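The next block holds one structure in the form of structure tokens; read it before the comments.
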Amino acid sequence: MRWSLAAAAAFVVLATVATFAQRSAVYDSERQVRLEGAVTRVEWVNPSAFVFIDVRDGGGVVANWAVEVGNPIDLERHKWTRRSVRIGDLVTVDGMPARGPNRQALARSIVHKASGKRLFDMPAARPGGTGRAGPAPRWPDGQVRLGPAPGQKGYWATTGAKALVESTASNVRMNDEGLLANLTDADRVAPMLPWAKAIYLHRQRTQLRDDPITRCMPPGGPRQFQMPNGVQLIEQREVGRILVLMGGGNRNWRVIYTDGRPQGQAAEAVLTYYGTSVGRWEKDTLVVDSIGYNERFWFTNGGLPHTEALHLTERFSRPDASTLKYEVTVDDPRTYTRSWTGGWTLQWVPGEDIEEYFCEEGNTP
Amino acid sequence: MRKVAAFLIASVIGLRVLAGAAQEGHPLTGTWSGDWGPGANQRTHITMVMTWDGKTIGGTINPGPDAVPVDAIALDVTKWTVRFDADAKGASGPVRISVEGQLNDIASAHRTITGTWRQGTAKGDFKLTRD
């Protein structure tokens, strides 16, 4: 019993390390690994599922490998279930190995060895919008809705570029995790003070391995709109607030007050991951002013730093039913030489709700 | 018994969460504690609070009745070295404090500064750990 608990705990820690750490930090995309062996276990758990296989090396020694296959919600969306592979199946896995000594890999494909049937392919990114979208739905008074039309459901997913880069910069190449292709582009990402640039470069050079997300810390600031599994915007007009429900992160929620209250004083704010937000409508654009952030999180993919002086002005607009334009102006004079603006678009996912996605407290690396 | 066990489990979880909550802003801001001295058996406790206002890193050594203000702390971000001077109250006048250190483990919640601490004619090593 004691061993079972220890093994379970070890697995949970392993899984958490593997899935909530930035993938670039965990897996070496420059290397490939091919594993052949029998499936010994399938762990269909959030936030990432694993298939364990016994692999025999050239000397006949058998070692158990943990093969990450991704988030169960995404997998089921692609018709891959916990029964797609069975205990005892002989499979061939192609993927990328973990950077460290762990016998762990991220699967690109899994093929049933006997039949040659392709059991798994890494799901492609969610496709962008298809065709022409209709007009944005509106409330009876004509104001744009940020949620679904009456009687429908859906949520917003980040599908395009999702790195926060100053909008005047061009051709700054980085991956979805915010890792720069070229570190010399750092100055173009944002106008950082010297200490901030040094911290940013340190995070970049260390492959984002110290990202607080790896310790299940909430994705405050713009990062809440960069997470997998999207967000829902619940407009509660009768009480003057909008709830931002996050499918990624740790299933957190944020309140934007739209009841006309003034923004508080930053010095008096209780510092939190999502700050204190008040919003107002400027024609069809929701303008949200937020202060009161703590310093325990990275406010965007890629590790741009901030201090408690962070002041965000976010602009949400919905030019059509399928598109949410997100723009944020970052003002933090203790971190940046001037205020700067960036943003991206989110795509409407019709007919679906965000689903459970927890990073479990205490399962920290 | 169950209540005791539940309390212990909650405490462990709480401690782990606290341990995981690093300060991700300016690497020097916050409260640091440690000691300095010429040898292992001669140590003097230090508490130091550092602040960053966007232009200057300020500090206070041993906040309280014997506080020593530090006007400007120099941080070389190319090497993560720290340097500052201050004047402590002495029995016969101000005592100069000069400190040079290295910031270590900048990504850690409990990052450290280690180096050389000079106070008057005394000299020793020091270590400060961010609380």
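Remember, it's a predicted structure, so these values are computed and weren't measured experimentally. In the text below, chain A, chain B and the rest are named by the order of the sequence lines, each starting its count at 1.
There is no contact between B:Ser108 and chain A, counting heavy-atom distances below 4.5 Å. Neither the backbone nor the side chain of A:Tyr336 comes within contact range of chain B; no heavy atoms are under 4.5 Å apart.
When A:Ile199, A:Asp210, A:Thr307 are compared by the number of non-hydrogen pairs under 4.5 Å with chain B, A:Ile199 comes out ahead.
For the pair A:Glu177 and A:Arg223, the salt-bridge criterion is not met [side-chain N within less than 4.0 Å of a carboxylate O]. Note on A:Asp332 versus A:Arg338: no salt bridge recorded, every NZ/NE/NH1/NH2 to OD/OE distance being 4.0 Å or above. A salt bridge is defined here as a Lys NZ or Arg NE, NH1 or NH2 lying under 4.0 Å from an Asp or Glu carboxylate O, and A:Asp187 with A:Lys197 meets this definition.
Within the 3.5 Å criterion, the main-chain N or O of A:Thr341 finds a donor-acceptor partner in the side chain of A:Ser167.
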